[in-house]
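Keep in mind that what you see is a predicted model, and the values were worked out from it rather than measured. In what follows, chains carry the letters A, B, and so on, assigned in the order in which the sequence lines appear, proteins first and then strands, with residues in each chain numbered from 1.
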Amino acid sequence: MSNAARLILVVEDNTAMGLVLRLNLERAGYEVAVAGSAEEAWQLLETQNFHLAVIDHYLPGMHGSELCAKIRQHDGLHGMPLMMLTAKKLELKVDQLLNDLRVWKVIPKPFSPSALMRWIHECLCEHELAVAKESELATTSLPR
Amino acid sequence: MPGRSLVPFCACIAAAFAALAGGMLWAAGPQHSSAILAHWPWYVPLPLALWSVAIACWWWCGRADRELRQQLRGVVLASRRNELTLAPVASNAVEFRGWNRLVDALSATQLQEGLQQRLAAALEGFRQRKGEQILNSLADGLAVTDEAGRVTFANETMRALLEGRNENEGDLCTLLGVDADEAQASKLLDRQALSRQVMVDVPRHSAAGENVLRIARQPLRSQQGEGTSSHVWLVRDVTQHVLAERMRNEFVNSATHELRTPMANIQAFAETMADALLEDDDLDVERQKEFCNIINSEVSRLSRLIDDMLNIESMAVGSLSLDVQETNFERLLLDTMAKVKPLMDQKDQVFEAKLPPKLPSLQVDKDKIALTLVNLLGNASKYTPQGGRVALRIELRTSDVLIHIADSGIGIGKDELPHVFERFYRSRDPRVRSQTGTGLGLALAYEIVRLHGGRLTAESELDKGSTFTVALPLPQATH
């Protein structure tokens, strides 16, 4: 699958950061939607199928970790790969995010956009491999 | 010696003559005797008188001896009872003078010893009272409990902490109102910990509200080093310390966020632009300009934050200084409004500015007053919902100028209003917590206005809005 077919959701209240992430993702060939709050992101998630979400932790209203929990509880979205950006790494319960909410990576700000693109690529590859393995297992276990 | 030997000798001679006269009268026979008596009637009482005088002299001369003997007998008896009291003898004889000196010397020694004893007792009492005074003047509550956990001593601070509860009723933890289910408090109740020192910070609910007590309990050991079940308790109210620590931690957390966010933007835009140029990507000039502007604005944001932090630090050590100069007030207000207008536009807020037709010039530190007004107007916009109202009104009075900054925002609770100008203070309201901030802005604004000889005040009603008023003295009023 080419990057063009992959839709990435960026949830970031800082307009400048949203802009630079959109620009980098588009240059990498992804399709991008940017939401300024968790509520706005949830509306997009209900209407479109995203391959991955990059969520800022500190959002007005519902926080990024709450949005992750909501995604994990949703039947149609619970398997979606998630990445989290944060400027407050000290305050975060990173273990809980990684283990309980299955966030693929917690990225502290400031970060390198090219490194983020690399991680997004790795994450999508890993996820697609896991999905393929799962469907292969499901096929082989089908009764003949 | 003469006082003692001559008088009884004379008395004896007198007595002998008296006896001789009596004998002669008796030997002369009744006839001669009556003739003698008839002729010399004064011979009859003479021997008796002389005899009386002799006895009196004997008694007078022997009284010092008798007294001395009596006292010496008393010495034996008194020394058995350990109650030796001696008195001087009224005689001028050498041996009595010696005795009197001995008595004087002994009395002086006794007096000295008595004085020393009384002095020692007084000192002991003084030490005890002084010790009690020292314990009572301690800022920490101090108590001693016995084996059963009953309070055997409590100083005044401890009694104040007990808030009128009778110290003889129940154990100290219960009396202090410490929640036994609290994790830290359970360390005090652990029987295994009775033999070692325990120090815990525990919350408690008291009549004055919620506070935190630091309780240190130490087993009381006797001088022989034997452990006992008695304990010394030191209790200190550390509520303010804990709050200050919590505020400082929150500040570090907020400041980290405030520093990392612009840094992240700077790195992201700079790297994106560099990558695009390196890869010969089609990043047009307009976009490059936009990126540079964003980088510039984020650098300014970082710089402002660092200035705020440095100013607040200068404020803490009392070295925040002003560069006062004649300032065009109207220009200052227009520049300030231009800085905050984009924030209000982003949230579709209505901004009303009511300025008098002519504004005087001010003697102020232009940059610091601009920083104050940007802080106040920025806060007004930040804590006012989308579509709300922010107003700036200038009121000119004879001695000062009032700058009112009002908003229709979330407001501040009555309990929090007195604290808003404290360093690092941030409201507990979740609507405030959801916004970024360091808790420095208002503290700094307050100090800057104060240094100008003015006053910053706040009025607020929860869910209705707040009004902050800056009062700055006019030039003629300052002199």
Less than 4.5 Å to any heavy atom of chain A: does that hold for the side chain of B:E258, its backbone, both, or neither? neither
Which portion of B:R431 sits near chain A, non-hydrogen atoms under 4.5 angstrom: neither
Hey, is the main chain of A:F50 close enough, under 3.5 Å, to the side chain of A:Q48 for a donor-acceptor pair? no
State whether the side chain of B:R426 and the backbone N or O of B:V432 hold a donor-acceptor pair below 3.5 Å, judged by distance alone. yes
Could you tell me how the ring of A:W42 sits relative to the ring of A:H74: parallel (under 30°), tilted (30 to 60°) or perpendicular (over 60°)? perpendicular
Hey, can you tell me if A:H63 and A:H57 have their rings parallel, tilted or perpendicular (30° and 60° cut-offs)? perpendicular
Report which part of A:L85 has an atom under 4.5 Å of a heavy atom belonging to chain B: side chain, backbone, both, or neither. neither
Under 4.0 Å between a Lys/Arg side-chain N and an Asp/Glu carboxylate O for B:E290 and B:R287? yes
Salt bridge flag under 4.0 Å for residues B:D345 and B:K341: yes
Does atom OH of B:Y446 have more than 12 heavy-atom neighbours from other groups under 6.0 Å away? no
So if I take each residue of residues 109-117 of chain A and look for any heavy atom under 4.5 Å from a heavy atom in chain B, which residues do I end up with? A:K109, A:P110, A:F111, A:S112, A:P113, A:S114
